[in-house]
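Before any comments, here is the structure.
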Protein chains: 2
Amino acid sequence: MTHPERTPPAPVEINDDTLRGFVGYHIKRAFNVIQDDLTATLKPFGLRMLTHTALILIVDNPGLSQSQLAAAMDIERSNLVVIIDELEGRELIIRDRVPNDRRAYALKATLTGRRLCEKAVAACTDHEARIFAGLDTSTRDTLLKVLSSVRNSQNS
Amino acid sequence: MTHPERTPPAPVEINDDTLRGFVGYHIKRAFNVIQDDLTATLKPFGLRMLTHTALILIVDNPGLSQSQLAAAMDIERSNLVVIIDELEGRELIIRDRVPNDRRAYALKATLTGRRLCEKAVAACTDHEARIFAGLDTSTRDTLLKVLSSVRNSQNS
DNA sequence: TATTGTTATACTCTATAACTATA
DNA sequence: TATAGTTATAGAGTATAACAATA
């Protein structure tokens, strides 16, 4: 028994009913968990979410330009520079030249880059299996449909 | 018809199949859309996601401490200070004193704070109706169940 | 004129360590 | 000793403006 007069601020139940009424709140909280686990998953490969995403897109789309990649990742071209610098510095990709446009770079993954990417993607697949353990195919489809409709509601 | 020899880097379809194989990728992209719309929704009230969340929790839990609030929001106590400073500076909340513990503050919303919160929450409700327009109750329940299970998978 | 990549800059969110005053 | 709040600081992610080279 603790001293009644010393009882701390009371382990009060915090009421977050208002917040839990918003779907976006649940999405944010869930995404935080996913992001933390994914960050830890990618760390052994020396990758972050952004560098990993960029590397995947370069591996899967050899020759694409920084502008195209920035558009695909939905980030500013200027913010992509340091990401590409980092991948290039580790010799995971190269900045090749586009034949008919001397302004643009043709981004290509090196063999090292492709191999690292493959391993990191495999780790991400494990990460997803861990996070979405009890997710059956039908529920997964429903989830993806909702998320896509949200993403497509952007300009409406 | 454009000049064949001048055809730009080709409006190539970027292949993002690998990324779209990850549920987390869809969640991130959807959340970006939600966040952008929510930020714009809160701007007229001079609130950001974090200040709005803090204000709601203070309105709904009068007297809670900064430590309790930080725990509820899952952010560091140190990062909460500027948030509370901002809300207090706008006289939306006050830092009252906890009776039996002179270390802690008892956070309470002012009348102004409660009124602003009410309006902002109403705007957020509209925002959610806009974003999740075609979401029936059953699908919504499924979505929330999945998100909760992700959040609860934190320490497993 | 417009586009590609770049630099500089600033703002927000996040994480850690160290301090003070209280307990 | 441990806890509440605070300060300082650093690392990321993001957004805008302006520039050189090229189209």
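Here is how names work: the chains are called A, B, and so on, in the same order as the sequence lines, proteins then strands, and each is numbered from 1.
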Ignoring hydrogens and angles, answer whether the base of C:dA15 and the side-chain atoms of B:Asn79 contain a donor-acceptor pair closer than 3.5 Å.
-> yes
Is there a donor and acceptor pair closer than 3.5 Å between the side chain of B:Ser78 and the base of C:dT16?
-> yes
In whole angstrom, what separates [X]'s [atom1] from [N]'s [atom2]?
X	N	atom1	atom2	result
B:Ile84	D:dT6	CD1	C1'	13 Å
B:Arg29	D:dT14	CZ	C1'	14 Å
B:Leu38	C:dT12	CG	P	16 Å
B:Arg77	C:dA17	CZ	P	13 Å
A:Glu76	C:dT6	CD	C1'	13 Å

Should B:Leu80 and B:Ile94 be regarded as members of a common hydrophobic cluster, given that ILVMFWY residues are connected when their side-chain heavy atoms come within less than 4.5 Å of each other, either directly or indirectly?
-> no
Name of the residue among B:Ile93, B:Leu92, B:Leu87 meeting side chain to side chain contact (heavy atoms under 4.5 Å, CB included) with B:Arg90 | B:Leu92
Looking at B:Gln66, does any N or O in its side chain come under 4.0 Å of the phosphate oxygens OP1/OP2 on D:dT3?
-> no
Compare side-chain N and O positions of A:Arg95 against OP1 and OP2 of C:dT6 and report whether any pair is under 4.0 Å apart.
-> yes
Nearest to side-chain heavy atoms of [X], which nucleotide of [options]:
X	options	answer
A:Tyr105	C:dT4, C:dT6, D:dT14	C:dT6
A:Arg102	D:dT22, C:dT4, D:dG13	D:dT22
A:Lys28	C:dG5, C:dC13, C:dT14	C:dT14

Taking the nucleotide of DNA chain D with the closest heavy atom to each, which residue, A:Arg103 or B:Val81, is nearer the 5' end?
-> B:Val81
Donor on one side chain, acceptor on other, A:Asp141 and A:Ser138, under 3.5 Å = no
